[in-house]
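The structure appears right after this line, and notes come after that.
Chain naming here is simple, since letters A, B, ... match the order of the sequence lines and numbering starts at 1 in each. Computation of the quantities below employed the complete heavy-atom set of this structure, encompassing side-chain atoms and omitting hydrogens, waters and symmetry-equivalent molecules.
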Amino acid sequence: MTTANEPYVLNIGPQHPSTHGVFRLRVVMDGERIQDIDMVIGYLHRSMEKLAEERTYTQNIPFTDRTDYLAAMSNNLGYCLAAERLAGVEVPERASYLRVIFAELQRIASHSMGNGTFINDAGAWSTPLMYMFREREKILDLFEMTCGARLTTNYMRIGGVAFDPPNEFYPAVNALIDELPDRIDEYTELLVDNEILLARTRNVGVLSAADAINGSITGPMLRASGVPWDLRKAEPYCSYDRFDFDIPVGHVGDCYDRFMVRLEEMRQSVRIIRQALEDLPSGPHKTEIPLALRPEPGEAYARVEGPRGELGFYVVSDGGPAPYRFHIRAPSLINLSLLRQMAVGASLPDAIVTLGSTDIVVGEIDR
Amino acid sequence: MSAALDPIRVRVRVTSPRLAVTLGIVLVLFGAASIGIAYVVVSGMLDGHWYDFRDLGLGMAHLREWLNEVNAGQPAALSAFLGDQWISYITGALLGATGILTFFGLLLLILVWVERRLIGRIQVRKGPNRVGPFGLLQPVADALKLIQKEVLIPIGADRFMFYLPPVLVFIPGLLVWAVVPWAPNMNYLDTNVGVIYLIAISSTATLAIFMAGWASNNHYALLGAMRTVAMMISYEIPLSLALLMVVLMTGSMQLSTIVQWQVDHHVWLGMLMPLALFTFFFSSTAELNRTPNDIAEAESEIVAGFHTEYSGMKFGLFYAVELGNAVAVGAFVAAFFLGGWSLFGLETWIPPYLIFAAKAFGGYFVLVWLRGTLPRFRLDQLMSFAWKYLIPISLLQVLLVAIEVTAMRYMHFPDFVELSLVGAANLAFTIFIVRAWATFLGYRPEREQVLKPTMAKQMGGLRAAEEMRTR
Amino acid sequence: MDSIGVIIGFYALAGLTVGAALLVFLVRNLLHAVLALVLAFLGMSGLFITLSADFIAMAQILIYAGAIPVLLVFAVMLTPHASRDNANSLFAPGGLLIGLGFAALFVFVAMATVWPVLDVETLHVQSFAGTVRTIGAALLGDYLLAFELASVLLLAAFVGAVALVREDEA
Amino acid sequence: MPSSAQDLALTLPHYLVVSGMIFGIGIAVALSKRNAIAVLMGIELMLNAVNLAFLAFSRFGSSFGIASEGNPAAPLAGHVFVVFILTVAAAEAAVALAMAVLVYRRRETVDLDRINLMRW
């Protein structure tokens with residue numbers, strides 16, 4: 001019902017249960033319909049890219065933990081690949097495999113979190129989130145026993161990984177990957193055929209394949225829109241070309257597809273981890289590099305398939321011990337950019353679900 | 001990584017011998033007490049005495065008799081003004097009101113703990129377990145915290161209208177408990193318009209909630225209030241229709257009569273009219289703002305809905321009323337559809353009010369269970385469910401029940417045969433109409449295959465995407 | 001014969017109802033006026049109970065305390081802030097006079113007329129215990145035509161209200 | 001000083017006086033308020049006053065006859081009238097408020113002093 005009044009502006013955030021951090025949406029509403037969305041970011045800006053220009057290449061690794069704090073391993077990996085490419089450092093075979101194992105574990109943990117909070121946004125009162133936390137917790141325990149940290153791992157190094165996993169790591173990770181497919185089946189049973197969830201998420205926040213490509217959307221969101229694109233296959237890094245895995249691809253590009261693609265990717269990650277653990281070569285886990293690495297002047301860009309999409313690191317060297325320029329291509333930021341297109345015209349609950357399905361991490365958006 | 005780190009596998013192990021001995025003594029005492037009580041009940045020592053704990057109404061009756069004697073002895077001048085029975089009236093009213101208030105207060109205290117523990121269990125975590133034994137004192141701690149908190153009043157809020165709603169919401173929450181039929185003689189207000197009383201009283205909460213949302217001068221609160229009002233008004237209709245079926249079947253609006261009807265016919269109305277049970281329960285979740293219909297305070301969308309701006313004990317009152325109403329819904333489901341205080345003859349041995357309480361808490365448990373399991377509907381989905389599905393289907397079912405009741409008046413089969421026929425007819429009708437209506441309105445789950453993601457082996461871009469879609 | 005409780009109740013409820021109705025006139029804020037109106041309606045339903053009209057009292061609460069105020073408040077919400085006051089129009093003095101005149105007239109008639117009332121014994125005997133069943137029978141018996149007409153009226157009002165506020169399909 | 005409760009007993013005029021006062025207030029509200037919604041509130045008050053009078057007559061009046069075997073509803077005729085008034089009041093409120101909203105939408109005001117064009 002329109003009345004000739006001033007627009008009804010709803011200020012979602014920066015403190016709001018479903019903005020996943022400090023992020024603000026300025027929503028112009030007409031009743032329950034959304035007429036316009038204005039996204040306000042920057043509340044978590046810590047100027048990491050500028051700070052990185054003052055620190056050595058090794059000192060920058062902990063920064064990358066703190067951009068996407070739910071996927072520290074993937075960030076470490078992306079940055080180390082870029083720095084290695086810049087400095088021409090060779091990585092031992094074992095380190096490559098370990099990187100794959102930890103990156104995939106991180107993907108499972110991150111997708112658990114993403115899917116859990118997504119269902120939370122759809123209104124299930126934290127239960128799926130808690131279930132998924134159960135598995136995430138075990139993965140974080142694995143991280144802890146390997147590198148001492150759970151969230152901000154700081155595990156990858158330029159030239160390898162920081163530590164070889166301890167002996168008790170292997171039985172634990174084997175038990176976990178034996179258990180995980182059952183757990184994922186459990187979520188599927190609990191959630192995937194739930195009529196309410198279907199009603200809430202299907203055909204909501206639809207993003208067509210063409211729009212997704214035009215908007216540089218990457219990761220599960222792109223795949224949910226139907227584009228079979230995955231950097232692990234398209235441009236294999238580490239040792240991904242040696243593993244057999246599939247790319248789950250959605251049909252419609254709605255929130256439900258995004259959820260399902262993430263769920264399937266968890267299964268595929270389990271497959272990768274199993275293969276990597278079976279063929280894990282012996283040898284050193286790290287190439288020794290000088291403490292103050294001074295690469296030749298030049299530039300390098302390395303990208304990995306992070307849990308949220310294409311995670312790119314662009315590093316420029318002027319020959320000094322610190323990068324001259326450091327830039328992160330943050331998938332959260334770019335995936336978020338089409339929220340307006342997806343949510344305008346929908347109702348407020350749909351917009352919240354759509355925002356949840358983009359699986360953003362504000363630390364990465366603002367850096 | 002060890003079992004100790006795993007939050008799921010941690011179990012409390014009774015290792016202390018002292019604790020084991022204490023537990024053993026408690027168990028033995030409990031067993032002895034149960035045997036003693038059972039003996040006293042079976043031997044018939046209690047029958048008809050005021051201390052028969054199976055029927056608290058009996059004690060009240062004795063008390064009333066005694067008070068009437070007291071009444072008779074009063075000076076004539078006083079009784080000319082105040083009537084013959086004023087002492088027993090006033091005492092009865094006060095005792096009943098005190099009983100309800102005490103029950104409500106204690107109930108809320110326990111419920112806070114029960115709900116959080118249950119939700120904790122459902123969510124594979126422990127729930128509050130720090131304050132007191134098993135965390136039992138958690139509600140007290142919560143209340144203390146809430147009382148200490150500052151009560152904020154938003155700038156631009158209408159102060160008078162902002163202060164009123166928590167109280168106004170509390171009144172209907174308390175009043176509905178008056179008509180609850182606890183046991184054969186335990187009804188505080190056994191009015192013969194009990195059903196309509198229930199509907200009328202619960203409808204007044206709508207205005208209070210709307211006031212809360214409007215007076216807060218907050219956009220979330222206003223949205224929540226609008227949603228609440230839209231939903232409450234819509235779902236009052238199916239709720240009333242479900243109760244209308246009960247009234248038609250039992251021929252009474254008096255709650256004690258409705259329960260007595262179920263006792264006399266040895267049947268639960270929920271078995272006879274599953275659709276009414278479902279409609280009542282589902283509409284109640286909407287009226288209560290509980291999952292899956294908690295859109296009015298959907299925390300992921302509009303923070304807390306109409307009580308976003310309420311802090312301290314004002315919020316506490318809203319929260320308490322919500323919990324209390326949830327149990328009240330359980331109680332009314334028990335009374336209308338689950339046979340009230342009866343349990344197929346067992347009520348002679350077990351105190352009926354305990355049976356009733358067990359059923360009420362059973363209904364409440366289902367509500368908590370739903371809350372821990374289901375996602376939330378969207379407003380338009382809920383409204384269309386009410387108007388397009390529940391109301392027409394309920395109307396048809398009301399018609400069918402009316403026909404059945406009329407038919408039962410002219411048939412003279414045994415009760416059992418009649419009611420079996422009615423139950424079978426209603427069940428068949430429910431299944432048929434739900435399917436037919438859904439098909440009619442275009443909902444065909446079997447045709448709409450839910451597509452799981454396809455597995456791609458090859459990389460590709462837009463062209464690959466289009467190829468996959470056409471395939 | 002009434003017990004003292006009913007008499008006290010009558011005076012309290014009558015005072016509440018009249019006072020709240022006066023507030024509807026006096027209060028400056030339209031939403032506060034709606035609240036006062038609800039209070040008056042609730043007092044009125046209490047008066048109905050003192051008249052042994054339990055069913056009507058509950059219907060009163062249901063319709064006048066549950067449904068109509070929500071409609072009123074919705075209508076108030078849909079109008080802008082500026083017109084949310086309860087201001088008097090130019091006719092206020094005249095309206096007040098007419099209101100006072102009517103009230104005085106009614107009070108005078110009520111006091112002065114000798115009404116054909118039942119004697120006390122019949123009042124006492126005549127049981128109003130269960131009005132619901134009797135009203136229902138009357139509605140579907142003697143007053144069937146009126147009942148059906150009322151249902152048609154409700155339907156017409158329902159359709160009419162929907163048709164009135166519908167957005168024009170552009 | 002009354003000597004017993006009998007002297008205080010409620011009679012028909014008691015209720016009629018209350019009813020008349022509320023009716024008068026209703027008229028005053030309906031005639032002197034500027035806001036269409038307030039006018040509607042006055043009308044509702046008047047309807048309520050009439051309800052009260054009906055019920056009072058039904059309880060105390062002898063014209064309806066007393067309940068008998070053949071006609072148990074005789075004294076409840078007032079109740080039946082009230083049921084119809086409630087119905088009409090609900091219908092009236094719905095339509096009137098719809099009209100108020102419509103008027104507001106077309107004319108941007110519900111001020112009755114300004115709605116004087118007799119056309120939209």
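Within the 4.5 angstrom heavy-atom criterion, atoms from both the backbone and the side chain of Ala150(C) approach chain D. Of the atoms belonging to Tyr64(C), it is side-chain heavy atoms, and not backbone ones, that fall under 4.5 Å from chain D. For Ile63(C), the part lying near chain D is the side chain, with the backbone staying farther off; criterion is any non-hydrogen pair under 4.5 Å. Leu22(C) touches chain D through backbone and side chain together, each having a heavy atom under 4.5 Å away. At a 4.5 Å heavy-atom cutoff, the contact between Phe55(C) and chain D is made by side-chain atoms alone. For a residue to count as touching a neighbouring chain, one of its non-hydrogen atoms must lie under 4.5 Å from one of that chain's; by this rule Val109(C) does not touch chain D.
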**Asked** How far apart are the C-alpha atoms of Met44(C) and Asn51(D), what are their side-chain angles, what is the distance that settles it, and do they pass the side chain to side chain contact (heavy atoms under 4.5 Å, CB included) test?
**Response** CA-CA 9 Å; Met44(C) 192 66 97; Asn51(D) 284 353; over 6 Å; no
**Request:** Show your reasoning for whether side chain to side chain contact (heavy atoms under 4.5 Å, CB included) applies to Phe147(C) and Val80(D).
**Result:** CA-CA 10 Å; Phe147(C) 181 74; Val80(D) 175; over 6 Å; no
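Remark: of the listed residues Asn48(D), Ile22(D), Leu45(D), Ile22(D) is the sole one forming a side chain to side chain contact (heavy atoms under 4.5 Å, CB included) with Thr17(C).
Across all their heavy atoms, Ala21(C) and Ile25(D) have their closest contact at O-CG2, 3.3 Å. When all heavy atoms of Gly20(D) and Phe106(C) are compared, the pair lying nearest together is CA-CB, 3.6 Å. Contact detail for Ala28(D) and Phe25(C): the closest heavy-atom pair is O-CE1, 3.7 Å.
In this structure the side chain of Leu52(D) reaches within 4.5 angstrom of the side chain of Leu51(C), judged on heavy atoms.
Interface remark: of the candidates Glu44(D), Met21(D), Glu92(D), Glu44(D) forms the most heavy-atom pairs closer than 4.5 Å to chain C. Taking Leu16(D), Val82(D), Val88(D) one by one and counting their heavy-atom pairs under 4.5 Å with chain C, the maximum is reached by Leu16(D).
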